[in-house]
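What follows is one structure encoded as structure tokens, with my remarks underneath.
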Amino acid sequence: MAEDTLNLFKECQLSVCKPNPRQYVASISSLPGVEVWFQRASDVVRKIRTGDVDLGVVGYDMVREYGEDDDDLVIVHDALEFGECHLAIAIPKYGIFSDVSSLAELCAMPQWSAERPLRIVTGYRHLGKQFIEKSGLKHVQLLTADGALEAAPAMGTADAIIDLVSTGTTLRENNLKEINGGTILNSQGVLVASKNSLHHRKTALQITREILERIEAYLRAKDQFLITANMRGKSKDEVANLILEGTNFHGLQGPTINTVFTKKNGKVQEDYCAVVICVTKKYLYDAVKQLRKVGGSGVLVSPLTYIFDEEPARVQKLMKKLNCG
Ligand SMILES: Nc1ncnc2c1ncn2[C@@H]1O[C@H](COP(=O)(O)OP(=O)(O)OP(=O)(O)O)[C@@H](O)[C@H]1O
Ligand SMILES: O=P(O)(O)OC[C@H]1O[C@H](OP(=O)(O)OP(=O)(O)O)[C@H](O)[C@@H]1O
Ligand SMILES: [Mg+2]
């Protein structure tokens, strides 16, 4: 998460300068006065709640686990596009669990009693407890451990685990499986702040807005290409019509169309227009085919670095949550 966060900030021209790897404080030269602290994920949430820091980047799972529904925490950006995983209950594939594939079936197992409860081990005490209360499971003992939870069932120290799953490899390698109805929470990296800080400290709010706007601009542009194509056409109106009626690719608000001046037999002519649109990366070839179909040629493709559109919805949402909207 730390590496992904540093990378994201770098891409947003907010490079974090940490002169010494054993140092926990760093700075961002484009945001003078800002201190960047490297802390364990659980501590990031705790320190926002106590007002020691104003803004943090952590997994949403941590916000929910250590935030305990604290009203002071406000999610500024809910999808930083890294650290994607989900919190889930997992049980062994073998033995008494071999035919169990849903939460309802786990609840219906006759093996669990007050004397011999289902032992679930997790590092997520708060979320684990909440889930068990709602799950319909009657006889449960919640145990806590910090890491390598996937080993617990084979070791015989627990029957099931509640832990993060991303690719599913760790579960598979340890002969464990997820069950239907067993997903507790979807998570990815988020930007989280203290409402109190943003409310009372103008600079904290200003900097948060700037960071949010830069992240939005970067993430919006990340999966887009900028395409310029030449199109035969007598007028910009004619070309606009071909693009708007004959393709699915119209740019942000609409295509930008400009005259291309060519020289033929010593005379300047206006037989072409240049069309500029942006296209989601995965649809690049579709766009090229559609442009060709309506007379496009000389398609130039370049990466897009940022898209600063109107004030992003997330900024408006934040201001509303802070009652400043
Ligand atoms: N396998 C994974 N794939 C994607 N994201 C993950 C994965 N495991 C954890 N995460 C995300 O990264 C965050 C930090 O994970 P974790 O607590 O394991 O980090 P750590 O480096 O082990 O930290 P600590 O030293 O505090 O234990 C989690 O809260 C979660 O949001
Ligand atoms: O589904 P996967 O892609 O296999 O990822 C899931 C694993 O990743 C996390 O552990 P991590 O590697 O962070 O180690 P930790 O549990 O010791 O923190 C999590 O606790 C799982 O064990
Ligand atoms: Mg693990």
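In listed order, ligands and their atoms are each counted from 1.
- At a heavy-atom distance under 4.0 Å, only backbone atoms of Glu84 (N, CA, C or O) approach ligand 1.
- The nearest non-hydrogen atom to atom 30 (C) of ligand 1, considering only Asp163, Asp4, Asp61, Val165, comes from Asp61.
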Walk me through it: do Ser194 and Asp72 pass the test side chain to side chain donor-acceptor pair (under 3.5 Å)? CA-CA 6 Å; Ser194 152; Asp72 183 48; 3.0 Å; yes

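- Within ligand 2, counting atoms from 1 as listed, the ones closer than 4.0 Å to a heavy atom of Thr170 are 2 (P), 4 (O), 5 (O), 6 (C), 7 (C), 22 (O).
- Of all atoms in ligand 2, numbered sequentially from 1 with element shown, those under 4.0 Å from a heavy atom of Glu150 are 21 (C), 22 (O).
- For residues 16-34, no residue pair satisfies the side chain to side chain donor-acceptor pair (under 3.5 Å) rule, not counting sequence neighbours.
- In this structure, a donor-acceptor pair under 3.5 Å is absent between the side chains of Asn175 and Tyr94.
- Closest to atom 6 (C) of ligand 2 by heavy atom, among Leu164, Ile161, Thr167, is Leu164.
- Ligand 2 places these atoms under 4.0 Å from at least one heavy atom of Val165: 1 (O).
- Relative to atom 2 (C) of ligand 1, the option among Ser187, Ala41, Gly147, Ser166 with the closest non-hydrogen atom is Ser166.
- Across Met62, Arg40, His86, Glu65, heavy-atom proximity to atom 17 (O) of ligand 1 is greatest for Met62.
- Every atom of ligand 2 with a heavy atom of Thr169 under 4.0 Å away is listed here by number and element: 1 (O), 4 (O).
- Applying the 4.0 Å criterion to heavy atoms of Met1 picks out, from ligand 1, the atoms 12 (O), 13 (C).
- In summary, the atoms of ligand 1 found under 4.0 Å from a heavy atom of Leu164, numbered by their order in the structure, are 8 (N), 9 (C), 10 (N), 28 (C), 30 (C).
- A distance-only check finds a donor-acceptor pair linking the side chain of Ser102 to the backbone of Glu105 [under 3.5 Å].
- By the criterion of a heavy-atom distance under 4.0 Å, the side chain of Asp163, and not its backbone, is placed next to ligand 2.
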